[in-house]
Amino acid sequence: MLHPSSSGAAQAELGALPEWNLSHLYPGMESEAFRSDLAKAEAACKAFAESYRGKLDAMAQGEGASETLGAAVKRYEALEDLLGRLMSYAGLIYSGDTTDPVRAKFYGDTQERLTAASTELLFFGLELNRIDDAVLDRAMSTQPLAHYRPWIEDLRKDKPYQLDDRIEQLFHEKSVTGRSAWNRLFDETIASLRFTVRGEELPIEPTLNKLLDPDESVRKDASDALAKTFQANLRTFTLITNTLAKDKEISDRWRGFEDVADSRHLANRVERDVVEAMVSAVRAAYPRLSHRYYALKAKWFGKDKLDHWDRNAPLPKVEQRTIPWNEAKDTVLSAYSAFSPRMADIARRFFDEGWIDAPTRPGKAPGAFAHPTVPSAHPYVLLNYQGKPRDVMTLAHELGHGVHQVMAGPNGALMAPTPLTLAETASVFGEMLTFRRLLDQTTDPVQRKAMLASKVEDMLNTVVRQIAFYSFERKVHVERRNGELTSDKLCELWMSVQDESLGPAIRLGAGYETFWTYIPHFIHSPFYVYAYAFGDCLVNSLYGVYERSNEGFVDRYFALLSAGGTKHYSELLAPFGLNAGDPSFWQIGLSMIERMIGELEAMEAA
């Protein structure tokens with residue numbers, strides 16, 4: 001389905017924007033198919049518990065353990081796929097307009113019923129982990145249970161942090177009125193906010209988009225409007241942040257996690273010291289990266305310092321044009337095709353089969369994402385496309401996720417999901433392919449400089465900014481253990497990490513202290529943000545391998561994507577000669593950003 005118009009002339013420049021076709025999942029919220037599957041899921045979860053609860057240990061020690069346990073895991077996987085399909089549909093419907101009370105109720109009701117249904121399945125992972133290791137290893141030595149060995153071994157990593165069944169059930173059921181409810185409050189609050197820019201009332205996405213306007217006065221007005229509305233809603237965001245940080249502290253304490261980010265590291269299947277090595281490397285590189293680049297950009301603007309609303313501003317005296325949707329599509333697909341026709345063929349399906357929702361609409365979830373849904377269906381991509389060069393890169397990024405999700409799908413509902421350590425690999429690689437393709441086709445020196453500067457800024461936003469976000473989260477969660485944080489304290493912590501990461505060439509003016517309020521990752525996925533830096537540094541290293549010797553690279557790269565969650569990241573990187581456990585590994589990725597900044601400095605001197 002195409003979106004014919006949303007804001008007159010601006011929309012005409014973009015062309016018709018696609019909206020996704022969610023009927024691939026279900027015909028509608030009131031459809032018999034959805035109601036039937038929801039009832040089927042509830043009944044199947046109960047039946048599964050009746051068949052297996054309290055019996056797994058005996059099954060593991062009995063005759064034909066591989067067959068009986070293998071059949072149980074296969075049945076569990078089918079249930080996970082069904083539950084995932086239902087929840088994915090409700091979530092995608094909701095993200096289309098989070099301010100619509102009908103959609104909000106549908107989402108909330110579905111979440112409640114599926115949480116109650118999946119409570120019946122909690123015992124399964126807990127009981128599997130109570131089976132003696134030697135007994136389970138013996139059962140996994142032959143098919144069909146051997147097929148699920150990666151999932152079971154992954155599950156066993158959670159074993160030290162599991163609680164008694166009844167407590168796990170309580171945590172699970174209370175999530176609907178706890179963490180999930182606060183997440184929803186944040187989403188609906190953000191979507192309902194309006195920002196007054198020059199007399200026009202705008203939702204958050206078009207307002208943020210004005211920070212990329214060529215006119216500095218427009219950027220300043222948009223920044224002021226953001227700050228004014230954020231300030232007016234500061235109490236709400238402070239309460240949400242305090243509540244969720246405390247909720248996480250309670251969960252971590254009960255489970256026995258030592259560090260505030262340890263639960264995220266476990267979920268990511270990455271070692272704490274590897275993350276700390278990366279964070280240290282990036283923070284040590286701030287002066288060589290962001291501080292150095294923003295000083296150069298200030299010079300281009302004829303200033304000693306840039307105001308915070310100029311951080312991502314387009315370069316002065318460079319023509320800014322709106323990029324129509326079809327051009328963005330062709331750009332990304334041609335870049336993907338030059339790398340591998342197979343990759344382009346997968347990405348093309350997103351356009352041809354209604355898997356993308358591109359227009360900006362009031363109430364629509366801000367930002368962009370690729371939702372994997374379930375292996376029995378296909379991913380969907382949400383964008384807020386407004387024709388900026390960064391929007392083209394966002395399209396390339398989310399399609400990279402989509403390609404990854406399609407390729408990992410055959411692993412099934414239990415083993416298709418990719419840990420965050422590699423989840424950003426395909427997306428950032430897709431961006432890099434698109435950027436390099438565009439750069440190679442650009443001969444005008446002014447445009448090349450603008451493109452290179454834009455790419456450096458994207459990389460700084462992905463690496464430096466996300467590590468600053470991670471540092472902010474750490475400070476918030478550590479401080480929260482000593483009591484509630486005031487709005488002023490949260491703003492103070494935010495400014496401390498922003499000042500450190502952005503450097504002396506950025507002037508952080510009044511109002512910027514509230515800009516922590518709208519970052520959804522802090523709310524939905526604590527400490528997720530370092531995965532972006534992990535992915536960017538990793539892809540820079542991967543791309544270096546590709547440039548030096550691309551023979552056989554595509555096959556190895558596709559093997560990495562197709563593995564989904566079946567292998568540890570270290571095993572998947574080994575064929576490329578890369579080792580993220582080596583502290584010097586991170587310098588490889590950071591040095592690519594340094595070289596690009598050096599190239600820009602050389603252009604300036606020429």
Side-chain angles (χ1 to χ4, degrees), residues 185-187 189-197 202-213 216 218-242 244-245 286 290 294 297 305-313 365-368 384 390 457-458 460-477 479 485-530 532-533:
L185 174 62
F186 173 84
D187 290 343
T189 302
I190 283 287
S192 66
L193 294 183
R194 292 296 176 265
F195 306 85
T196 306
V197 185
L202 297 171
I204 191 165
E205 277 294 336
T207 311
L208 289 169
N209 190 53
K210 289 187 181 294
L211 295 177
L212 305 175
D213 197 278
E216 182 179 353
V218 172
R219 296 195 299 271
K220 181 185 185 304
D221 288 352
S223 178
D224 289 346
L226 288 163
K228 184 177 179 182
T229 300
F230 292 155
Q231 180 65 49
N233 291 273
L234 204 51
R235 285 180 62 190
T236 300
F237 290 118
T238 298
L239 178 59
I240 292 170
T241 301
N242 270 296
L244 286 170
Y286 284 170
S290 46
Y294 292 128
K297 186 170 184 177
K305 292 181 179 233
L306 290 171
D307 288 297
H308 65 257
W309 52 78
D310 292 329
R311 186 171 58 83
N312 289 319
N384 280 274
R390 274 194 175 86
E457 287 179 20
D458 284 346
L460 293 179
N461 285 336
T462 305
V463 178
V464 169
R465 187 162 168 79
Q466 301 301 329
I467 292 305
F469 283 178
Y470 177 69
S471 300
F472 170 69
E473 282 191 277
R474 289 197 62 85
K475 290 186 176 191
V476 169
H477 284 266
E479 290 266 354
L485 304 178
T486 63
S487 298
D488 286 348
K489 185 63 177 178
L490 286 164
C491 292
E492 177 196 319
L493 295 177
W494 170 256
M495 291 298 272
S496 70
V497 300
Q498 293 299 302
D499 193 54
E500 176 197 28
S501 62
L502 298 176
I506 299 282
R507 183 186 297 111
L508 302 175
Y512 188 71
E513 72 278 0
T514 63
F515 276 46
W516 58 270
T517 55
Y518 78 94
I519 311 296
H521 295 94
F522 298 159
I523 304 303
H524 292 292
S525 311
F527 303 111
Y528 180 106
V529 287
Y530 73 71
Y532 289 109

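Start at 1 with the first residue, then count along the sequence. Below, all heavy atoms of this structure are taken into account, side chains as well, without hydrogens, waters or symmetry copies.
With sequence neighbours left out, the side chain to side chain donor-acceptor pair (under 3.5 Å) criterion links Tyr286 to no other residue. A search for side-chain contact (heavy atoms from CB on, under 4.5 Å) contacts involving Pro504 returns His291, not counting sequence neighbours. By the side chain to side chain donor-acceptor pair (under 3.5 Å) test, Tyr530 is found to be paired with His265, Asn268, residues two or more places apart in sequence or in another chain being considered. The side-chain contact (heavy atoms from CB on, under 4.5 Å) search around Lys297 returns Tyr293, Trp300, Phe301, Leu306, Ala313, Leu315, Glu457, not counting sequence neighbours. In terms of the side-chain contact (heavy atoms from CB on, under 4.5 Å) criterion, residue partners of Pro366 (sequence neighbours excluded) are, by chain and number, Ile190, Ile204, Glu205. Lys489 pairs by the salt bridge (Lys or Arg N to Asp or Glu O under 4.0 Å) definition with Glu492, not counting sequence neighbours. Under the side-chain contact (heavy atoms from CB on, under 4.5 Å) criterion, Ser496 pairs with Lys475, sequence neighbours left out. Phe230 is linked by a ring pair (Phe, Tyr, Trp, His ring centres under 6.0 Å) to Phe195, Phe515, Tyr518, counting only residues two or more places apart in sequence or in another chain. Taking the ring pair (Phe, Tyr, Trp, His ring centres under 6.0 Å) definition, one finds that Tyr294 meets it with nothing, sequence neighbours left out. Under the salt bridge (Lys or Arg N to Asp or Glu O under 4.0 Å) criterion, Asp221 pairs with Arg198, not counting sequence neighbours. Listed by chain and residue number, Asp224 satisfy the salt bridge (Lys or Arg N to Asp or Glu O under 4.0 Å) test with Lys220 (two or more places apart in sequence, or in another chain).
Identified under the salt bridge (Lys or Arg N to Asp or Glu O under 4.0 Å) test for residues 504-523, with sequence neighbours left out: Asp307-Arg507.
For Ser223 (side chain) and Arg219 (main-chain N/O), no donor-acceptor pair under 3.5 Å exists by modelled atom type. Using modelled atom types, no side-chain atom of Asp499 and backbone atom of Ile506 make a donor-acceptor pair closer than 3.5 Å. For Thr241 (side chain) and Thr238 (main-chain N/O), no donor-acceptor pair under 3.5 Å exists by modelled atom type. Panel note: side chain Gln466, backbone Ala533; no donor-acceptor pair is recorded below 3.5 Å.
Note: Phe522 and Trp494 have perpendicular aromatic rings, judged against thresholds of 30 and 60 degrees for the angle between ring planes.
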